[in-house]
Amino acid sequence: MAISGWVNGPTDLRDETPIFTAMTTAAGPVPPSPMTVRLGRDAGFCCQGPQTGYADWRHPERPDPDIVVAIEGRLSNREVLLNRLGQRRTHASDADLVLHAYRRWGQFLVEQIDGVYAIAIWDHLRRQLLLVRDPLGVKTWFYYPLRDGSMAFATKSRGLLAHPNVEPAITSDGLNELLVLGPARTPGHAVVNGMHEVLPGHITQTVPGRIRTHRYWQWQAEAPESSINEVEAAAVVRRTLAEATAALRTDPVGAVLLSGGVASASAAALATPHPSAEQRPTAYTMALAGPWGLPPGAGTDVTAAGRVAQHLALDHRLIKADKSDLLDLATATRRILDLPGEPARDAAVFGLLSAATVTGSSVVTGVGADAVFGWVPSLKTAVTDVPWLGYDAGPVALLSAEARMHMLPTAYTKQRFEDAISAIPAAKGVSEAQRAWHRDAYLNLSHRLPAQVRRWDELATAIGMSVHNPLADWLLTQHTLRFPDPIRHLRGMRLGLLRHAISDLLPAGLTWLPGRVFPTATGLPGWRTVQRERMLGLLSDSSQPLQPLLDPAQIRPLLTRAPEHAYGGRSVIAHLIEVNAWLARHQIRVI
C-alpha cells in the first residue's frame, strides 16, 4: 500500500493523472488494489491499499478542497480522539479523524494522536503541505523538491523514482548508506541523490520557497532511577504492555507468531483473550526443513513454541520451508521492499506472514523486544562499536581500492556515528559505564528498532496484513530507559525484566529458557551455494552496476573458504547481491 502526491506543480495537476498512477503503482502493494485518485489544480493525491485513507473538506463555492488528508497506517487511540473531538461517528475513518483534528488543533494534532502512520495534510489556503511520521518510524515518508519549485512525495522511495522529474542517481553518501550501514541506514537519509526522508517523530512543513522540519517527539535519555526495584519495574512493564494490547484483546487478531522465545510468547499471551474465549488466534512457527542438523541454539525452538501455544489454547501450526521455498520467498521480498534488505531473514518472515493470511488479516509478533529492553549484541566494527550494524567490517574489505577512495567508508561511518551520538539528549548524573550503556540503548532505539519494525510492516502490508508489535511501544521505551542495567538484565539474562514481568502468563519452566535466534535461510546449505553462484555471476558481468566497485581478489577467496562473516545471519555476500539488484532494477546510476 502506498500514498503518492505532488503539490504546487507548474501546470494544472488535474492533467497529470498518468504521473500519479505511475508513482503509486510503482510504490504499491503486491498484488495491486484499487486506487483513490484525487487531483486539484495545485495538489494531487493518489492512495492505494486497504490501510490507506483519504478525506477532504471544501467550501461549497470552491472547486478544489481547502484541506486534504491522506494517511497510511492506523490510529491506535481512536476512542480517545473521538471523545476529544466530540465526535459520535465511530465509523469515521482515520483520515476523517485526522482531518477534524487538523481543523481544531492545526499541526498540534500530533499531540493528540497515537499509532503507526504516515500522514500528509495539504492546506490549500495556506499553500502548506505537512508530512507527519509516527514516533517509531514504522511508516516511511520521502519527498523530493523539484527544480520548478514544486514538491513530490511518496511513502515509498520507488514511488518518487517513477516521477519523470526525479533523477535516479546515487552519490558516495548513498553508496555508504547501502553498502556499509545498510539495511539500518541513517534515519532521514533517503539514499537517492536529492531525495529526503521525514525523520520518525517529525513534521516536515513545505510552503513555496521554504522547507522546515521540526521534532514533535523523542526519547528522553534521563539518568536511570537507582531507587527503583525489580518489583516496581516489572509492574510498570506489565501495566504498559497491558495498555498497549488492550485493543487486541477486545478485537482479537487472526494469528500470532511464535519462535519459542520469550518475546513472541509474551506478545501472544498479552494479546490473546482468556483461554476459554472463542475464536482463538492461530499460532504459527517457522522451521527449516532438510536432512541436516543445526548447531545448538540455532533456529526455532519448536517444542517451546508448542508448549506456549497449548498453554494459551492456540491452534498451533508448524510452517516448514526448505531452500527452494526460501529462494522463492526471497525473490518476492525483493519486489516488495523499498530498499535492499536481508534476504535470508526477510524470506523466513515473509513465509510466516503469508501463511498467517489464511486465518485473518492481522498478526501479533514479539519484534522489537531486544532493542526496547536494552540487549546490545556484541557486534564490533573496524571503526568503532556501532550498535545498529548487523555485521563486521566485511563490506568495506570487499570494495575495490578505487571505490574506497571515492566513498571513504571508514570516515563516513565514523561521522554518522558521531552525528548519532550528538543527537542523544544528555543524561546527567550517570557514571561512564552507565553513559556508554545509555548511548548504545538509545542508538538501538533510534536506528536498529525502526529498521526492524519497518521491514516487518512492509512485508505484511504488501499482502494485506496488519502487523502488531506490542513490545515495540514508544511509551515502554520511555520507561525502560529509566531502569538501571541490573534491573533490565535481571538475573544476568537477556530480556530478564520482561521475563519477570510476564512469568505468570507462560508455562512454568519456559520463562527463563535461553533465547533462540530467529530462523534464517543461512541455516540451509543450499542457500549458500546459490549465493556463491550469484556473486560469481556478478563479478563476471561488467554490465552489473555494483561490479566496478568490488574487489574480486578479496571476494573469490571468501566464496571458497565460506567464513562465518560472509555467510552468517546477516550475510555480507547476500547483502552485496541485493544492493546490486536494487541499483539495476531502478536503473540508478552512480555519480
So, [X] and [Y]: side-chain donor and acceptor under 3.5 Å apart, yes or no?
X: Thr204; Y: Thr213; answer: yes
X: Glu72; Y: Thr155; answer: yes
X: Arg249; Y: Thr245; answer: yes
X: Asp96; Y: Ser93; answer: yes
X: Thr359; Y: Tyr284; answer: yes

Can you find a pair of side-chain heavy atoms, one from [X] and one from [Y], that are under 4.5 Å apart?
X: Trp141; Y: Ile3; answer: yes
X: Tyr54; Y: Val69; answer: no
X: Leu505; Y: Ile502; answer: yes
X: Val138; Y: Arg454; answer: no
X: Pro135; Y: Tyr216; answer: yes
X: Ile121; Y: Leu129; answer: no
X: Leu329; Y: Asp346; answer: no
X: Arg317; Y: Asp315; answer: yes

For [X] and [Y], work out which heavy atoms get closest and say how close.
X: Pro484; Y: Ile228; value: CD-CG2, 3.6 Å
X: Gly341; Y: Pro343; value: O-CD, 3.5 Å
X: Ala283; Y: Leu314; value: CB-CD1, 3.9 Å
X: Pro281; Y: Thr272; value: CG-CG2, 3.8 Å
X: Pro183; Y: Ala451; value: O-CB, 4.4 Å
X: Gly366; Y: Leu471; value: O-CD1, 3.8 Å

Side-chain ([X]) to main-chain ([Y]) donor-acceptor, under 3.5 angstrom:
X: His202; Y: Pro200; value: yes
X: Arg491; Y: Leu497; value: no
X: Thr285; Y: Ala305; value: no
X: Thr186; Y: His189; value: no
X: Arg416; Y: Leu181; value: no
X: Arg499; Y: Leu510; value: no
X: Arg448; Y: Leu443; value: no
X: Thr480; Y: Val372; value: yes
X: Asp94; Y: Leu75; value: yes
X: Arg488; Y: Phe373; value: no

Distance, nearest 0.5 Å, that separates [atom1] of [X] from [atom2] of [Y]:
X: Trp456; Y: Met465; atom1: CH2; atom2: CE; result: 10.5 Å
X: Asn444; Y: Leu449; atom1: CG; atom2: CG; result: 8.5 Å
X: Asp325; Y: Ile319; atom1: CG; atom2: CD1; result: 10.5 Å
X: Arg133; Y: Phe142; atom1: CZ; atom2: CZ; result: 7.0 Å
X: Trp217; Y: Leu199; atom1: CH2; atom2: CG; result: 12.5 Å
X: Leu258; Y: Asp301; atom1: CG; atom2: CG; result: 11.0 Å

Show me the pairs that pass side-chain hydrogen bond (donor to acceptor under 3.5 Å, both in side chains) and involve residues 467-479, at least two apart or across chains. Arg74-His468, Asp114-Trp474, Trp219-Thr477, Thr365-Asn469, His479-Arg482
Are Phe108 and Tyr102 an aromatic pair by the rule of ring centers under 6.0 Å? no
Determine whether Thr461 and Lys139 satisfy the following criterion, side chain to side chain contact (heavy atoms under 4.5 Å, CB included), listing intermediate values before the conclusion. CA-CA 11 Å; Thr461 54; Lys139 300 297 181 180; 3.7 Å; yes
My understanding is that only residues two or more places apart in sequence, or in another chain, count here; which of them pass ring pair (Phe, Tyr, Trp, His ring centres under 6.0 Å) with His196? Tyr143
Lys/Arg-Asp/Glu bridge criterion (N-O < 4.0 Å) met for Arg238, Asp504: yes
Are any of the side-chain nitrogens in Asp370 or Arg494 under 4.0 Å away from the carboxylate oxygens of its partner? yes
For side chain to side chain contact (heavy atoms under 4.5 Å, CB included), just list the numbers for Leu312 and Val256, CA-CA rounded to whole Å, side-chain angles, deciding distance to a tenth of an Å, and then say yes or no. CA-CA 11 Å; Leu312 298 176; Val256 298; over 6 Å; no
With Arg185, which of Glu177, His447, Glu197 fulfils side chain to side chain donor-acceptor pair (under 3.5 Å)? Glu197
Between His316 and Arg307, does a side chain to side chain contact (heavy atoms under 4.5 Å, CB included) hold up when you go through it step by step? CA-CA 10 Å; His316 190 212; Arg307 288 184 62 189; over 6 Å; no
Please test Leu241 against Leu476 for side chain to side chain contact (heavy atoms under 4.5 Å, CB included), starting from the C-alpha separation and ending with a verdict. CA-CA 7 Å; Leu241 287 175; Leu476 184 60; 3.8 Å; yes
Take a 6.0 Å sphere around CD of Gln310 and say whether it holds more than 12 heavy atoms from other residues, nucleotides or ligands. no
